[in-house]
Undergrad: 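Quick one: the structure is below, and I'll ask about it shortly.
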Number of protein chains: 2
Amino acid sequence: MSDAYYLHLTDRLRDLIQDPEAFEDDRLPSERVLAERFHTTRVTLRQALAQLEGEGRIHRSNRRGWFVSPPRLDYDPTRDAGFNDYVKAQGRRPRTEVLLTDIRPHRPAAEALGLPLDQPFHHIRRRRFVDDRAVLSESLWVVPERAPQLLEGDFTHSLWGQLRGRWGLTLAHRSLRLYSEAIREQEAEELGVAAGTAGLCVRRTILDEQRRPVEYDEEHWLHNALCIAVELENSV
Amino acid sequence: MSDAYYLHLTDRLRDLIQDPEAFEDDRLPSERVLAERFHTTRVTLRQALAQLEGEGRIHRSNRRGWFVSPPRLDYDPTRDAGFNDYVKAQGRRPRTEVLLTDIRPHRPAAEALGLPLDQPFHHIRRRRFVDDRAVLSESLWVVPERAPQLLEGDFTHSLWGQLRGRWGLTLAHRSLRLYSEAIREQEAEELGVAAGTAGLCVRRTILDEQRRPVEYDEEHWLHNALCIAVELENSV
DNA sequence: TTACCTATCTGGTATATACCAAGAGTTTGG
DNA sequence: CCAAACTCTTGGTATATACCAGATAGGTAA
């Protein structure tokens with residue numbers, strides 16, 4: 001069925017969004033306008049839009065409309081260049097908002113770090129932007145013994161940098177897990193997208209040189225906002 | 001709008017598929033049957049199914065029906081344990097099909113490896129299964145000078161193992177890129193899914209100890225078939 | 001100026017219906 | 001007994017329509 005009409009529609013819309021002259025400010029015309037222009041119904045048109053969304057070419061923001069997606073951000077989750085630094089290095093504008101800090105137990109963190117389930121953590125929750133688009137919601141859980149008074153600092157910048165600088169931690173053993181997911185209600189709200197939107201989850205577990213648990217964190221990215229890029233030397 | 005009916009539907013279907021007694025052989029009842037059972041239309045029901053598909057809980061195979069997805073495969077793209085080995089190690093049944101081998105230029109490979117665009121490569125295309133479900137379509141392009149007579153070997157097993165064993169190559173510098181994608185027509189056909197299905201692309205560029213180009217490859221995975229798992233020591 | 005309200009625009013959800021095309025299984029003809 | 005033909009079932013595509021709820025912008029009142 002590669003001759004389905006909605007696939008032709010997809011092609012034509014793809015051409016449209018690749019033409020920088022087509023419309024102002026990366027915002028697509030409304031679904032109703034596009035449906036009329038292409039002589040079809042909103043239902044069919046939305047199939048084509050969903051297709052392009054899957055390809056990562058467009059995205060929607062709540063009930064505001066469809067937008068042409070900017071290039072993906074290159075991101076190396078094994079390094080701590082600091083979000084602000086690597087976003088700027090790619091000619092983009094970073095911003096970080098701290099949504100919440102508190103101290104409390106967290107089961108997944110405890111399990112990942114091999115600690116008792118009632119172990120309290122320093123918890124930081126933040127939201128990060130690239131060019132004013134919210135692309136990432138993340139939570140970090142830090143073992144208080146490793147970094148006392150952590151929560152009195154400034155979390156709009158690199159946390160790993162602080163762990164190394166203020167407490168001399170090494171972050172020697174890092175375990176990384178990446179997988180596609182549907183973004184859940186809470187994160188969706190923070191990112192201004194519908195729950196169920198395609199996302200990419202990055203989970204990290206970090207131990208220090210003596211294999212003592214240091215930190216666990218979860219990043220929820222919009223799926224088309226990033227490209228994971230890792231460089232490795234030897235060690236196979 | 002968290003009280004949308006299709007979200008209730010999603011919840012009930014989620015319960016249904018988590019109940020191992022609910023139905024035989026991981027196959028869901030047909031959309032028409034489910035729609036009737038939940039007193040709604042196929043259109044709304046399909047929204048709920050799409051939601052669960054995004055969560056990675058179910059998948060569809062062409063026009064055959066919907067199936068409960070098995071657990072994700074843990075996969076470390078930085079190591080070469082060999083597909084067969086790590087699939088077996090997780091208690092699953094691997095299978096590999098070689099779809100094509102030839103010699104020809106390939107622009108993305110040439111660009112990634114820094115070679116002239118007309119540089120010919122040994123090209124291998126294969127499809128890999130876990131428990132008889134096709135989950136991965138991949139292509140490899142190997143620089144002929146590094147591995148002469150490569151194409152006379154057996155490609156149902158680890159290629160990296162052969163590069164090391166038969167030609168003493170080191171694969172010292174590895175560059176990895178991961179990103180979500182919509183699976184394209186050709187790969188979709190090979191995997192028995194609809195074009196546009198959510199996928200994860202893994203691209204690797206490999207140089208040897210002297211930084212000579214060795215190999216470039218692209219893996220196209222069904223998005224809910226895998227979890228990338230990487231362990232790192234030091235080096236931050 | 002500021003704060004609130006309101007009309008209007010947007011995408012989001014839902015029903016009802018129809019026909020198409022590929023898979024799978026069954027029947028039939030050799 | 002096997003292969004070809006047919007039928008039934010499945011998901012895939014498409015139209016037409018309606019109403020809902022959040023976002024926005026403009027206007028109005030304090």
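Numbered from 1 within each chain, the chains take letters A, B, ... in sequence-line order. All values derive from a computational prediction rather than experimental measurement.
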Undergrad: Please tell me which of the listed nucleotides, D:dG12, D:dA16, C:dG12, lies nearest to the side chain of B:E31?
TA: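 From the listed options, D:dG12 comes nearest.
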Undergrad: When only distance counts, do a donor and an acceptor, one from the side chain of A:R32 and one from the base of C:dG11, lie under 3.5 Å apart?
TA: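 Yes, a donor-acceptor pair under 3.5 Å.
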Undergrad: Quick one: B:L9 CG to C:dT13 P, roughly how many Å, whole number?
TA: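 Those two atoms, CG and P, are 13 Å apart.
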Undergrad: Whole angstrom is fine here: how far is it from CG in B:L52 over to C1' in D:dG11?
TA: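 Atom CG in B:L52 sits about 16 Å away from atom C1' in D:dG11.
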Undergrad: Are A:R204 and A:E219 within salt-bridge range, i.e. N to O under 4.0 Å?
TA: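 A:E219 and A:R204: salt-bridged.
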Undergrad: Categorize A:R60 for me: base, sugar-phosphate, or nothing, with a 4.0 angstrom heavy-atom threshold over every strand shown.
TA: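 The residue A:R60 makes sugar-phosphate contact but no base contact.
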Undergrad: May I ask you to verify if any side-chain N or O of A:Y6 is less than 4.0 angstrom from the OP1 or OP2 atom of D:dT13?
TA: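 Yes, because at least one side-chain N or O of A:Y6 sits under 4.0 Å from OP1 or OP2 of D:dT13.
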Undergrad: Does C:dG12 have its OP1 or OP2 closer than 4.0 Å to a side-chain nitrogen or oxygen of A:R46?
TA: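 Result: yes.
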Undergrad: In whole Å, what is the span from the NE2 atom of A:H8 to the P atom of D:dG12?
TA: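 Rounded to the whole Å, the gap is 19 Å.
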Undergrad: Measure from the side-chain heavy atoms of B:R64 and tell me the nearest of D:dT13, D:dA14, C:dG23.
TA: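 So the side chain of B:R64 is nearest to C:dG23.
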Undergrad: Atom CG of B:L7 and atom P of C:dT13: how far apart are they, to the nearest Å?
TA: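 It works out to 7 Å between those atoms.
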Undergrad: Can you check whether B:N62 has a side-chain N or O nearer than 4.0 Å to OP1 or OP2 of C:dA22?
TA: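 Checking C:dA22 against B:N62, no side-chain N or O comes under 4.0 Å of OP1 or OP2.
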Undergrad: Figure out the CZ/C1' separation between B:F38 and C:dT15, and round it to whole Å.
TA: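 From B:F38 CZ to C:dT15 C1': 18 Å.
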Undergrad: Kindly assign one of parallel, tilted or perpendicular to the pair A:F83 and A:W221, based on the angle between their ring planes and the thresholds 30° and 60°.
TA: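 Because their plane-to-plane angle lies in the 30° to 60° range, the rings of A:F83 and A:W221 count as tilted.
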Undergrad: Could you point out which residue of B:V193, B:L200, B:L136 forms a side chain to side chain contact (heavy atoms under 4.5 Å, CB included) with B:L222?
TA: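 By the side chain to side chain contact (heavy atoms under 4.5 Å, CB included) criterion, B:L222 pairs with just one of B:V193, B:L200, B:L136: B:V193.
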Undergrad: So if I take every side-chain heavy atom of A:R63 and compare against D:dG11, D:dG22, D:dT24, which nucleotide ends up nearest?
TA: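 Output: D:dG22.
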Undergrad: Rounded off to whole Å, could you give me the CD-to-C1' distance for the B:E36 and D:dT10 pair?
TA: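 Rounding to the nearest Å, CD of B:E36 and C1' of D:dT10 are 16 Å apart.
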Undergrad: B:R42 has an atom CZ; how far is it from atom C1' of D:dT15, in whole Å?
TA: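 Spelled out: CZ on B:R42 to C1' on D:dT15 is 15 Å.
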Undergrad: Figure out the CZ/C1' separation between B:F67 and C:dG23, and round it to whole Å.
TA: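 Rounding to the nearest Å, CZ of B:F67 and C1' of C:dG23 are 11 Å apart.
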Undergrad: Report yes or no: do B:Q51 and B:T10 form a side-chain donor-acceptor pair below 3.5 Å?
TA: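 Side-chain D/A pair, B:Q51 to B:T10: absent.
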Undergrad: Can you tell me if A:T41 touches the phosphate of D:dA14, counting only side-chain N or O atoms and a distance under 4.0 Å to OP1 or OP2?
TA: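 Result: no.
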Undergrad: Answer yes or no: does a side-chain N or O of B:T44 lie under 4.0 Å from OP1 or OP2 of C:dA14?
TA: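 No, outside the criterion.
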Undergrad: Can you tell whether the side chains of B:D102 and B:R125 come within less than 4.0 Å, N to carboxylate O?
TA: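 Salt bridge: no.
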Undergrad: Return the 5'-most residue of the pair B:R27, B:T40 with respect to DNA chain C, ranking by each residue's nearest nucleotide.
TA: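 The 5'-side residue here is B:T40.
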